[in-house]
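As a basis for the values below, the full set of heavy atoms in this structure was taken, side chains included, without hydrogen atoms, waters or symmetry mates. Chain letters run A, B, ... following the sequence lines, proteins first and then strands; every chain starts at 1.
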Amino acid sequence: MNNRKVRVRFAPSPTGGLHLGGVRTVLFNYLFAKHHKGEFVLRIEDTDQTRYVPGAEEYINECLRWCGLEPDESPEKGGPYEPYRQSERKALYRQYAEQLVAAGHAYYAFDTPEELDAFREKYKSPENPSPQYDHRTRSKMRNSLNMTDAELKALLDAQTPHVIRIKMPENETLVFNDMIRGEVSFNTGLVDDKVLLKADGMPTYHLAVVVDDYLMKITHAFRGEEWLPSAPVHILLWKYLGWESEMPEWAHLPLILKPDGNGKLSKRDGDRLGFPVYAMNWKDPKTQELTKGFRELGFLPEAFINMLVMLGWNDGTEQEIFSMEELIEKFSMDRVHKSGAKFDFEKAKWFNHQYIHHKDNQSLATLLQPMLAEKDVHADLGFIATVAGLVKERLYVLSEFWDHSFFFFQRPSTHDTGAVAPKWNADKEKFFTTWLPKLDKLPKQPSAADLEASFKELATEMGIKVGELQLPFRIMLTGGKFGPPVFDIAATLGVTETQKRIAIGVDVYKKAVEAASQS
RNA sequence: GCCGCGUUGGUCAAGGGGUUAAGACGCCUCCCUUUCACGGAGGAAUCACGGGUUCGAUUCCCGUACGUGGUACCA
């Protein structure tokens, strides 16, 4: 549209945790900005004082940090267009609303909330369940369109609470271009006279976005599809305020939907279906209710981002795993889908699995150590890294680490003897008691291969099939039929610990066999 | 109700007037592995419906259905 430097913004209202859709909106903004070597600004839209939730803004900052989607300008960072919090810009908006009134594009309305309720109640019908304040009804209401200058002046002088509403044209076709949807058109007569300035002097979203996008020189406005129906209001505002030549290009992003149909994905769906919807844990300061997040579940931010970007975008090839650098290079709005995508937690986990699998052991250990500490397990980073290397290929989320690795950090408290006890015999017992002292003759810190060679050598010597011995051995070490290759476990545990577990194990099997024969 | 937007396997999706309609997740079978996983090889499964336009429509147009969003002094 023009060759201004690209500037985009993410403009959340601080009312709670950030959900998937919100993060994806950030992501697309961010990628677009970086792709075009532009700037990404975070603006806090806290114009509704009744919905303001303390801590929500900090949560958003933290969330963007975790995702690696940090803004170039924000309330926290500052920037050339400060302030970035709309509540702190309150004084700015009134003049623009007044300017619109003066030009005949807006008007004062004195209807109280009770009067509006009564109005809706009165005109409600099966054919029209939600009557609008629009060109058909505004003549019946208490507004400056229906009073003399003297009456208006009297009300204003008396400081009568009032709002300013846009006066939507009766019957104009408004056509605009959406970067994703192409040409979109509305009849202005079907859109209601939205409030621009509230009785408390705060702007509504409609006025605030337009004014701030103009003042902050935003070139591209991306937001969720739920804003599409109010786009005509915003576009008219750009025109009426005389800024049309600087109007940003629009793109309305497709929604992220519930996996089981019927609607936008919501916080409730996560609770219901058992997966997170928020990026990070969020605790409502009022109710203390905790909503779980992807971060705490054990998602890697890069996987979270990759999973999100594929919900509604692809580069046209078969590639599915992208680094942030690749995304910045390849992202383009015209490959964003028009239709909403149902969220699939299984696929989300698969992405995380891929990333965990390919992440280096040291980095994983750093992430895992605090999680172990919470279980009062304190191990050094090197050991955790070794274990991580052994089990990472079977982790879908980091929080599963313990279930796959506890036996590295503590002896199994129970043994799943059911699979082995029936086949346990004196020969097998003898094998293990014979092998036990042989372990001391091995090199100092035997490798898995050393252990395996020694194990097999003895088995062959004693004429027992190696396969018959491996499962009992595994269960001695881990307590069950799971875990990485046995000799890797033994090597990681070390000779001394391995010997102890064998000794315990032999005993356990003996008892299990006795118990079975008695009953 | 009205208005907007959408509709390729169960899900994410490529494609686009003539194709055996990619690929991924999930599911199933087999191989590897005497655990599980990873890896590998296969398999089942899709163009919402009805009219046009056309020699030919999954692809273009129009309807219908369905889905979804909006219809607040919330964003």
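Spacing of C1' atoms, G4(B) relative to A21(B), comes out at 31 Å, to the nearest Å. Comparing the same atom, P, in G42(B) and in G52(B) gives a spacing of 43 Å after rounding to whole Å.
Under the 6.0 Å cut-off for aromatic ring centres, Y205(A) and H234(A) qualify, their centroids lying closer than that. In this structure, Y509(A) has its ring center no closer than 6.0 Å to that of F432(A). Taking the six-membered ring for Trp and the full ring otherwise, the centers of F304(A) and F294(A) sit less than 6.0 Å from each other.
Checking the phosphate oxygens (OP1, OP2) of U71(B), no side-chain nitrogen or oxygen of R136(A) falls inside 4.0 Å. An OP1 or OP2 oxygen of C73(B) is reached within less than 4.0 angstrom by a side-chain nitrogen or oxygen of R165(A). For K198(A), a side-chain nitrogen or oxygen approaches OP1 or OP2 of A75(B) to under 4.0 Å. Not one side-chain nitrogen or oxygen of H252(A) sits closer than 4.0 Å to the OP1 or OP2 atom of G6(B). Within the 4.0 Å cut-off from OP1 or OP2 of C38(B), at least one side-chain nitrogen or oxygen of Y396(A) is found.
One interatomic measurement links the two molecules: CD of Q49(A) to P of C74(B), which rounds to 10 Å at whole-angstrom precision. Rounded to whole Å, the distance from CG on L255(A) to P on C5(B) is 15 Å. D48(A) places its CG atom 5 Å from the P atom of A75(B), with the value rounded to the nearest Å.
Summarising the geometry of W313(A) relative to S332(A), their closest heavy-atom pair is NE1-O, 3.4 Å, with the distance given to 0.1 Å.
In this structure a side-chain-to-backbone donor-acceptor pair under 3.5 Å is present from T188(A) to P169(A).
Nearest-nucleotide positions on RNA chain B place R335(A) closer to the 5' end than the other of R335(A) and L395(A).
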Given the rule in the ring pair (Phe, Tyr, Trp, His ring centres under 6.0 Å) test, do F473(A) and F455(A) qualify, once you have shown the distances and angles that lead to the verdict?
CA-CA 10 Å; F473(A) 186 32; F455(A) 189 91; 5.3 Å; yes

Stepwise, does the salt bridge (Lys or Arg N to Asp or Glu O under 4.0 Å) test hold for K194(A) with D192(A)?
CA-CA 6 Å; K194(A) 293 266 183 254; D192(A) 64 328; 2.8 Å; yes

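As judged by a 4.0 angstrom heavy-atom cut-off over every strand, L311(A) is placed among residues touching the sugar-phosphate backbone only. At a threshold of 4.0 angstrom between heavy atoms, the contacts of N314(A) are confined to the sugar-phosphate backbone, with no base atom among them.
The 12-atom threshold is exceeded at NZ of K258(A), counting heavy atoms of other residues, nucleotides or ligands nearer than 6.0 Å.
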Under 3.5 Å, which N/O atoms of the protein pair with N/O atoms of nucleotides 30-34 of chain B?
| unit_1 | atom_1 | unit_2 | atom_2 | d |
| --- | --- | --- | --- | --- |
| U34(B) | O4 | G467(A) | N | 3.3 |

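Residues of residues 115-125 of chain A having a heavy atom closer than 4.0 Å to RNA chain B, listed by number: L116(A), R120(A).
Of the N and O atoms on the side chains of N128(A) and S125(A), not one donor lies less than 3.5 Å from an acceptor on the other residue.
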